[in-house]
Amino acid sequence: MRVAVLGGGVSGLAAAYYLLRNRDRAPDLRVDVYERAPRLGGVVETYVADGAIIERGPDAFFAKGDAIFAVLRELGLEDDLVVQNPEAGPTYVCRRGRLLPLPPGTEMGVPRRLIPLIRTPLLSPAGKLRAALDLVLPPLQAPGDVSVGEFFRRRFGEEVVEALIEPLVGTVYGAEADILSLDTLFPTYRELERRYRSVLLGLRRSARTSPQGRPRPAGQAPGAGKFVTLRSGLEELVRRLARELPSDAVHLRTGVDALTWEDGLWKLTLSTGKTVSASVVVSTLPAWELARLLRGMGREDGAALLEEIPYSSTANIAFRFAASPIPGFPGAAILVPPRERRVVSSVSFTSRKWPHTVPPGESLVRVFVDRRSVERYSTDAEIREAVEEDLVRLFGNPLPPVRFALVSRFERSLALYTVGHKERLARIRAYFANFGLPLVVRGAVFTGVGIPDCLTGGERAAEEVLEYLTVSARRP
Ligand SMILES: Cc1cc2nc3c(=O)[nH]c(=O)nc-3n(C[C@H](O)[C@H](O)[C@H](O)COP(=O)(O)OP(=O)(O)OC[C@H]3O[C@@H](n4cnc5c(N)ncnc54)[C@H](O)[C@@H]3O)c2cc1C
């Protein structure tokens with residue numbers, strides 16, 4: 001009973017971990033994790049040097065639900081958890097070159113209350129009046145998904161989209177509001193509009209009946225419902241998951257180049273030149289990579305479905321400064337909307353949010369590069385020079401001495417949730433439900449991108465595999 005897990009990121013490691021944790025249900029189980037890179041972790045990578053902890057990929061996650069705390073406890077990581085500094089300061093938006101705070105009472109840039117909207121200098125008087133029209137405009141009854149930009153432009157007007165929503169969704173989801181899917185990113189707003197006519201009225205009425213704002217139930221972990229990270233870096237999660245696996249279960253520098261099904265078993269052609277077999281395959285690969293393997297099997301239809309999910313590349317630079325780059329600036333982050341046409345798409349004042357990441361007095365800042373610039377600059381030196389020039393303009397002063405800078409690039413790493421995404425995923429799920437061979441498909445794009453989602457996705461994959469193995473063991 002060999003299970004081959006493709007990919008050694010958080011999703012793949014979680015699948016292997018949960019499989020082995022439940023091996024009493026399949027005593028002959030053997031799990032192998034195949035990872036093309038020379039290290040485990042996928043996009044989770046922490047660089048630790050000289051008293052600094054620098055995340056190259058994710059730097060925190062939103063701790064929702066109990067499952068995440070259960071796994072952290074099992075891995076002995078509960079005491080390593082750190083909650084984001086509540087005094088880190090507000091988020092700022094760069095609007096026509098000026099840095100202005102995001103008004104309170106917004107969620108992912110979507111206004112939830114009218115008063116802060118009326119007070120914000122981010123909108124012109126005409127923009128504010130237009131936003132208030134949400135209270136009276138009729139709902140749109142058209143069926144099907146629409147873009148985030150289209151929906152909120154209709155409710156609140158162009159300025160709200162430009163100044164509030166696009167900076168947030170653009171930064172988090174890596175694309176313009178006009179191509180991102182409302183049904184995927186904001187599934188409840190359509191319903192609010194349909195039921196209450198207005199988003200603002202709907203939010204106010206539904207808040208009365210929602211559990212938000214009620215005190216935390218007794219016994220809940222301190223980081224529950226907050227952004228948290230690990231004091232020693234998120235890669236510690238990767239190390240702890242890997243530590244639970246037998247040493248011969250992990251195969252680094254071992255890409256899976258081809259998959260075939262022969263005589264009731266999977267055959268995996270590895271980049272090392274070897275061929276191995278497995279009863280079940282769990283794929284945690286990006287959609288485009290799984291598509292390549294399916295195409296090799298002659299499953300053109302499945303490959304074409306997977307290739308409908310677009311991916312973009314991302315890059316960020318971590319700067320370790322000897323002092324704050326904007327003395328006196330009270331913010332935790334600056335968002336730069338794509339319309340500002342800059343190299344930088346956002347700046348995270350990491351050491352304000354996570355003071356443990358550098359020694360006192362120093363400043364750690366992570367700068368995320370706009371999608372178009374990621375493609376424009378091919379070398380790390382070019383990208384760093386362009387970012388530094390842009391930061392000087394953005395901050396309005398020369399940069400303090402840079403103690404260290406680390407450029408991180410992730411090729412085709414971010415799945416874009418474009419209009420129709422939910423429906424596309426449903427078609428992909430239906431395709432694999434009827435695939436006819438023991439292939440379990442997980443990974444960020446199918447389970448949700450957050451680290452807790454990837455852990456839960458791995459757990460569900462393990463459950464599916466164990467059920468399959470139990471049923472097949474019973475067959476004569
Ligand atoms: C820059 C960035 C910042 C992020 N920030 C956050 C954040 O702050 N909070 C948060 O919760 N989430 C964040 N995310 C999302 C989150 O980190 C990811 O969704 C999650 O780590 C993905 O894990 P995964 O195992 O599904 O995929 P991956 O980490 O992509 O792992 C897939 C693995 O498969 C391997 N592979 C590919 N092809 C093959 C092959 N043919 N054979 C064998 N191996 C192969 C790859 O080398 C890789 O290691 C961020 C993501 C990025 C890129």
Side-chain angles (χ1 to χ4, degrees), residues 4-17 32-46 54-64 68 84 171-174 227-230 233-235 237-238 241-242 250-259 268-272 276 281-294 296 311-318 333 345-346 348 350 353-354 366-369 371 374 406-417 441-458 461:
V5 177
L6 316 192
V10 173
S11 302
L13 288 172
Y17 167 74
D32 290 283
V33 178
Y34 298 101
E35 168 54 58
R36 190 181 286 288
R39 55 172 288 281
L40 288 173
V43 300
V44 177
E45 188 173 355
T46 312
I54 300 174
E55 300 290 358
R56 306 190 76 156
D59 70 350
F61 57 85
F62 189 65
K64 59 171 192 269
I68 180 68
Q84 184 173 316
T171 308
V172 177
Y173 297 101
F227 275 100
V228 296
T229 192
L230 297 177
L234 282 181
E235 204 174 327
L237 172 65
V238 171
L241 285 167
V250 173
H251 309 272
L252 296 177
R253 294 190 175 85
T254 311
V256 176
D257 284 345
L259 275 181
L268 285 72
T269 308
L270 306 178
S271 57
T272 54
V276 291
V281 165
V282 177
S283 166
T284 67
L285 306 179
W288 48 268
E289 179 66 351
L290 180 59
R292 191 183 64 76
L293 294 181
L294 288 194
Y311 277 76
S312 83
S313 300
T314 63
N316 68 80
I317 309 184
S345 79
S346 70
S348 172
T350 306
K353 297 181 194 169
W354 311 105
R366 273 181 92 199
V367 182
F368 292 82
V369 180
R371 192 150 63 105
V374 174
L406 183 66
V407 179
S408 303
R409 286 170 181 267
F410 298 93
E411 296 288 327
R412 293 179 87 187
S413 58
L414 196 64
L416 300 181
Y417 297 159
V441 176
R442 287 295 184 285
V445 65
F446 305 105
T447 53
V449 292
I451 298 224
D453 300 316
C454 294
L455 290 166
T456 314

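Start at 1 and go down the list; that is how both ligands and their atoms are numbered.
If you number the atoms of ligand 1 from 1 as listed, the ones under 4.0 Å from a heavy atom of Gly255 come out as 42 (N), 43 (C). Residue Tyr34 approaches ligand 1 through these ligand atoms, each under 4.0 Å from one of its heavy atoms: 43 (C), 44 (N). The atoms of ligand 1 that sit less than 4.0 Å from any heavy atom of Gly42 are 29 (O), 31 (O), 48 (C), 49 (O). Close approach of ligand 1 to Gly450 is summarised as follows: ligand atoms under 4.0 Å from at least one heavy atom of the residue are 11 (O). Close contacts between ligand 1 and Val449 involve ligand atoms 12 (N), 15 (C), 16 (C), 18 (C), 19 (O) [criterion: under 4.0 Å to a heavy atom]. Atoms of ligand 1 lying under 4.0 Å from any heavy atom of Gly443, numbered from 1 in the order shown and given with element: 26 (O). Proximity to Ala444 (heavy-atom distance under 4.0 Å) selects the following atoms of ligand 1: 19 (O), 22 (C), 26 (O). Against a heavy-atom cut-off of under 4.0 Å, Glu289 is close to the following atoms of ligand 1: 38 (N), 39 (C), 40 (C), 41 (N).
The part of Val44 lying near ligand 1 is the side chain, judged by heavy-atom distances below 4.0 Å. Looking at Cys454 against ligand 1, only its side chain comes within 4.0 Å, counting heavy atoms.
Ser346 pairs by the side chain to side chain donor-acceptor pair (under 3.5 Å) definition with nothing, not counting sequence neighbours.
Distance check: Glu45 CD to Ile54 CD1 gives 11.5 Å after rounding to the nearest 0.5 Å. In this structure, CZ on Arg253 lies 15.0 Å from CG on Leu270, to the nearest 0.5 angstrom. For the atom pair CZ of Arg366 and NZ of Lys353, the computed distance is 9.0 Å after rounding to the nearest 0.5 Å.
A donor-acceptor distance shorter than 3.5 angstrom exists from the side chain of Thr46 to the backbone of Glu235, with no hydrogens or angles considered.
Nearest-residue assignment for atom 7 (C) of ligand 1 (options Pro452, Gly57, Ala60, Gly41; heavy-atom criterion): Ala60. Taking only non-hydrogen atoms, the option from Ser271, Gly7, Pro58, Gly9 nearest to atom 6 (C) of ligand 1 is Pro58.
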Show me the donor-acceptor pairs within less than 3.5 Å that the side chains of residues 6-13 make with the rest of the protein, sequence neighbours left out.
none

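In terms of N/O distances under 3.5 Å, ligand 1 is approached by Val43.
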